[in-house]
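Only heavy atoms go into these numbers, but all of them, side chains included; no hydrogens, no water, no symmetry mates.
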Amino acid sequence: MPNLTIGLVLPDVLGTYGDDGNAFVLRERACRRGINAEIRRIMLSDEVPADCDVYTLGGGEDSAQIIAAARLAASPGLQAAAAGGRPIFAVCAGMQILGHTFHAGGSECQGLSLIDVSTHPSPTRSIGELASVPTRAGVTRALTEPLTGFENHLGATTLGADASALGKVTRGVGNGGDASGSDSGDTVEGVVQGSIIATYMHGPALARNPQLADLLLAQALGVELAELEPLEIPVIDRLRMERLGAK
């Protein structure tokens, strides 16, 4: 039976919006397939290990975001994991931290530069249901189902030349920045670069998008998405349809 270690990164500071649930979704979907999976909670006082099979980062307020960015810069295990091609899934503040710069506490702050994006303040808060059609970018080319989540952010994220969008927005705001680096000037959401997938979708995102969860599991296991045993969970399908149909 294969083993899987899920690194839940800084849940003590990046756990405001329930994004810890993404790690629990990965563990549950792995266990239902007979895969031994454990969550390694990487706290602010811990060194960040480079050997987890997959990592998740969540959202947080400005002060928490500044603290998290400083800690991850000082303990570069996540950077080593990204360089080694290990999948990383980041949401909202977690996504902004992985870019070049972000704004928090009224100042521009340095990120980890793991993805070619920069985030600046938006004049209005983006809040509400968010839906998109996945682009065929990098590791996400196998995604075929619409993506759905709930956005709540004041940042506008601009993609650089090395970054691609996760999806093209059909409802909501999404990145709210310049779409350069994406397929066109369409409104886009999220970032895909190397083994990193990042998004503004809360929900938790992986509970609302099981195909995306399975893609991360497949990456962590070193297999193609189509090789994973299908999971039939009717209640998830029903809830997805409700959220995709929400106004």
Side-chain angles (χ1 to χ4, degrees), residues 14 16-19 22 56-62 65 88-104 111 114-194 196-213 215-216 240 242-247:
L14 296 177
T16 304
Y17 300 105
D19 300 308
N22 289 316
T56 68
L57 295 84
E61 301 92 341
D62 282 10
Q65 191 176 8
I88 297 169
F89 182 67
V91 179
C92 202
M95 175 175 75
Q96 295 177 10
I97 287 169
L98 298 188
H100 301 305
T101 59
F102 61 93
H103 282 254
L114 294 182
I115 51 178
D116 187 17
V117 307
S118 297
T119 302
H120 56 276
S122 176
T124 58
R125 177 172 290 276
S126 301
I127 183 167
E129 285 295 313
L130 175 62
S132 67
V133 176
T135 61
R136 297 186 61 79
V139 296
T140 61
R141 65 189 181 278
L143 292 178
T144 58
E145 298 177 355
L147 298 166
T148 170
F150 187 86
E151 62 182 338
N152 182 1
H153 58 96
L154 267 170
T157 297
T158 299
L159 306 184
D162 292 333
S164 299
L166 172 60
K168 293 183 179 180
V169 173
T170 57
R171 183 167 69 250
V173 176
N175 291 353
D178 182 0
S180 60
S182 66
D183 295 334
S184 70
D186 294 338
T187 302
V188 298
E189 198 286 313
V191 185
V192 180
Q193 186 172 338
I196 297 172
I197 301 173
T199 180
Y200 276 115
M201 294 186 296
H202 298 289
L206 299 186
R208 294 179 62 155
N209 299 283
Q211 188 184 54
L212 180 56
L215 176 63
L216 288 160
R240 264 183 60 77
E242 288 178 2
R243 298 322 304 161
L244 285 168
K247 301 298 184 183

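The shortest heavy-atom contact between Ala207 and Asn22 is N-OD1, 4.5 Å. The shortest non-hydrogen separation linking Leu166 to Met201 is CD2-CE, 4.2 Å. Pro146 approaches Pro134 most closely through the heavy-atom pair CA-CD, 4.1 Å. Summarising the geometry of Leu159 relative to Gly190, their closest heavy-atom pair is CD2-O, 4.0 Å, with the distance given to 0.1 Å. The two atoms that bring Gly59 and Cys92 nearest to each other are CA-CB, 4.4 Å, heavy atoms only.
In this structure, Asp116 CG and Gln193 CD are separated by 5.5 Å, a value rounded to the nearest 0.5 Å. Put simply, CD1 on Ile196 and CD1 on Ile88 are 4.5 Å apart, with the number rounded to the nearest 0.5 Å. Taking CG from Asn175 and OG from Ser122, the interatomic distance works out to 11.5 Å, rounded to the nearest 0.5 Å. Annotation: the span from Leu154 atom CG to Ile127 atom CD1 amounts to 9.5 Å, rounded to 0.5 Å. Atoms NE2 and CD, on His153 and Gln96 in that order, are 8.5 Å from each other to the nearest 0.5 Å. One finds the CE atom of Met95 at 13.0 Å from the CD1 atom of Ile197 (value rounded to the nearest 0.5 Å).
Applying the 6.0 Å contact sphere to CZ of Arg141 captures no more than 12 heavy atoms from other residues, nucleotides or ligands.
Counting heavy atoms from C-beta on, the side chains of Leu14 and Ile97 come closer than 4.5 Å.
Residues passing the side-chain contact (heavy atoms from CB on, under 4.5 Å) test with Ala213 are Val25, Leu26, Arg29, Leu206, sequence neighbours excluded. Shown here are the side-chain contact (heavy atoms from CB on, under 4.5 Å) partners of Val169, two or more places apart in sequence or in another chain: Leu130, Thr187, Glu189. Applying the side-chain contact (heavy atoms from CB on, under 4.5 Å) test to Tyr17 and every residue at least two apart in sequence or in another chain returns Asp19, Asn152, His202.
Side-chain atoms of Asn209 come within 3.5 Å of backbone N or O of Thr148 as a donor-acceptor pair. When atom types are taken as modelled, the side chain of Glu129 and the backbone of Arg171 share no donor-acceptor pair closer than 3.5 angstrom. Thr101 places no side-chain N or O within donor-acceptor distance of the main-chain N or O of Ser118, the cut-off being under 3.5 Å. Of the possible polar contacts, none joining the Arg243 side chain to the Phe150 backbone as a donor-acceptor pair under 3.5 Å is found.
Each of Leu57, Leu212, Leu215 was checked for a side-chain contact (heavy atoms from CB on, under 4.5 Å) with Phe89, and the lone residue meeting it is Leu212.
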CA sep, side-chain torsions, deciding dist, call: Tyr200, Thr157, side chain to side chain contact (heavy atoms under 4.5 Å, CB included): CA-CA 10 Å; Tyr200 276 115; Thr157 297; 2.6 Å; yes
